[in-house]
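Contents: one structure, followed by commentary.
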Amino acid sequence: MKRYFITGLLIWVPLVITGWVLSMIISTLDQSLRLLPEGMHPQSLVGFAIPGAGAVLTLAMILFTGLLATNFIGQKLVVWSEKILARIPVVNSVYHSVKQVSDTLFSPNGNAFRKALLIHYPHQGSWTIAFQTGSPGGDIVNHLDGEHVSVYVPTTPNPTSGFFLMLPAKDVIELEMTVDEALKYIISMGVVAPQPHPRVITNT
């Protein structure tokens with residue numbers, strides 16, 4: 001009985017958690033319907049609420065904004081709006097900080113979270129997985145000897161919190177592992193181990 005119960009639990013727990021997370025996401029995105037007049041809500045048009053209608057509207061707004069921002073007029077509007085925000089105290093600091101982080105994370109040319117690393121943490125001889133986020137900058141580089149890299153060490157099983165470290169490049173091992181594989185390994189607390197990638201040996 002115990003074996004059957006655990007087997008059933010292993011099937012239902014991921015399904016329930018996945019459904020709960022998706023429900024929260026869709027419920028949050030559905031709030032975008034508040035931007036529309038009451039007469040344009042699905043409740044008013046078809047007589048009943050349509051779950052996910054707000055999510056579709058949100059995705060459409062994001063795509064339309066991206067399309068608009070890629071042409072000449074849209075780029076001018078973005079620059080103009082950023083100049084206005086730059087003149088508003090507090091809003092200026094928050095907006096530019098968030099924009100800098102988002103540009104770094106989502107830019108296709110950026111290096112943030114492009115590499116999974118193996119590092120000593122929290123002490124020598126203890127290993128964990130980290131992600132390279134870039135290189136130290138500003139006045140920090142004047143106080144570091146040799147080449148360093150900036151890394152993010154996520155916590156388990158919640159990788160959205162973690163620690164930011166700057167380590168010597170020689171102490172960092174780049175893994176033959178995708179970021180997705182590394183995240184699954186971290187979230188599962190080491191249970192879901194990725195398949196080893198064959199190393200390419202070159203003759204010199």
Side-chain angles (χ1 to χ4, degrees), residues 10 13-15 17-18 20-22 24-26 28-29 55 58-59 62-63 65-67 69-70 75 78-79 82 93-204:
L10 292 175
V13 167
L15 289 174
I17 293 178
T18 301
W20 175 65
V21 171
L22 289 176
M24 287 184 58
I25 294 174
I26 292 176
T28 301
L29 294 178
T58 302
L59 294 175
I62 294 173
L63 288 173
T65 304
L67 179 64
T70 54
Q75 290 176 355
V78 171
V79 172
E82 288 183 346
S93 302
V94 175
Y95 173 77
H96 282 285
S97 298
V98 173
K99 189 175 188 304
Q100 188 174 25
V101 172
S102 62
D103 287 347
T104 301
L105 292 178
F106 299 114
S107 172
N109 298 323
N111 293 319
F113 288 84
R114 295 296 190 271
K115 296 179 182 178
L117 309 173
L118 187 65
I119 66 170
H120 282 288
Y121 184 84
H123 55 75
Q124 193 72 17
S126 177
W127 297 89
T128 192
I129 295 175
F131 299 102
Q132 183 172 342
T133 60
S135 303
D139 185 50
I140 296 174
V141 297
N142 298 324
H143 303 276
L144 300 176
D145 295 329
E147 183 182 358
H148 282 66
V149 293
S150 301
V151 303
Y152 172 70
V153 182
T155 55
T156 301
N158 177 19
T160 59
S161 65
F163 305 92
F164 167 63
L165 305 174
M166 286 171 280
L167 303 173
K170 62 182 179 62
D171 295 337
V172 168
I173 300 175
E174 185 176 339
L175 296 173
E176 294 291 335
M177 182 188 301
T178 66
V179 172
D180 288 342
E181 289 174 336
L183 282 173
K184 290 178 184 177
Y185 200 27
I186 292 168
I187 294 172
S188 69
M189 296 176 285
V191 175
V192 183
Q195 294 296 322
H197 291 262
R199 288 187 173 271
V200 179
I201 302 176
T202 56
N203 296 321
T204 57

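Atoms considered below: every heavy atom in the structure, side chains included; atoms not considered: hydrogens, waters and symmetry mates. If you're wondering where the values come from, they're calculated on a predicted model, not measured in any experiment.
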message: Using modelled atom types and a 3.5 Å cut-off, is there a donor and acceptor pairing between side-chain atoms of Thr133 and backbone atoms of Ser150?
response: yes
query: How close do Ile140 and Pro136 get, heavy atom to heavy atom, and via which atoms?
result: CG2-CB, 4.1 Å
- prompt: Rounded to the nearest 0.5 Å, how far apart are CD of Glu174 and CG of Leu118?
  reply: 11.5 Å
field: Smallest separation among heavy atoms of Asp145 and His148, with atom names
entry: O-CE1, 2.9 Å
- prompt: Applying side-chain hydrogen bond (donor to acceptor under 3.5 Å, both in side chains), which residue pairs with at least one partner in residues 152-162 are found, sequence neighbours left out?
  reply: Thr155-Ser161, Asn158-Thr160
- request: Report the distance from atom CG of Leu15 to atom CG of Leu10, rounding to the nearest 0.5 Å.
  value: 11.0 Å
- line: Between the CE atom in Met177 and the NZ atom in Lys115, the distance rounded to the nearest 0.5 Å is 15.0 Å
message: More than 12 heavy atoms of other residues, nucleotides or ligands under 6.0 Å from OH of Tyr185: yes or no?
response: no
- request: I would like to know whether Trp127 and His120 meet side-chain contact (heavy atoms from CB on, under 4.5 Å); could you show each step before the answer?
  value: CA-CA 5 Å; Trp127 297 89; His120 282 288; 3.0 Å; yes
- prompt: Given the rule in the side-chain contact (heavy atoms from CB on, under 4.5 Å) test, do Ile119 and Leu165 qualify, once you have shown the distances and angles that lead to the verdict?
  reply: CA-CA 10 Å; Ile119 66 170; Leu165 305 174; 4.3 Å; yes
message: If I compare all heavy atoms of Ala130 with all of Val151, which pair ends up nearest, and what's the gap?
response: CB-CB, 4.2 Å
Heavy-atom closest pair, residues Ile187 and Pro157: O-CB, 3.4 Å
Gap separating the CD1 atom of Ile129 from the CG atom of Leu117, nearest 0.5 angstrom: 10.0 Å
query: Distance-only, no hydrogens or angles: does the Ser126 side chain make a donor-acceptor pair with backbone N or O of Tyr121 under 3.5 Å?
result: yes
- line: When every non-hydrogen atom of Phe131 is compared with those of Pro154, the smallest separation belongs to CE1-CG, 3.8 Å
query: Quick one: salt bridge (charged side-chain N to carboxylate O under 4.0 Å, His left out) partners of Glu147, sequence neighbours excluded?
result: none
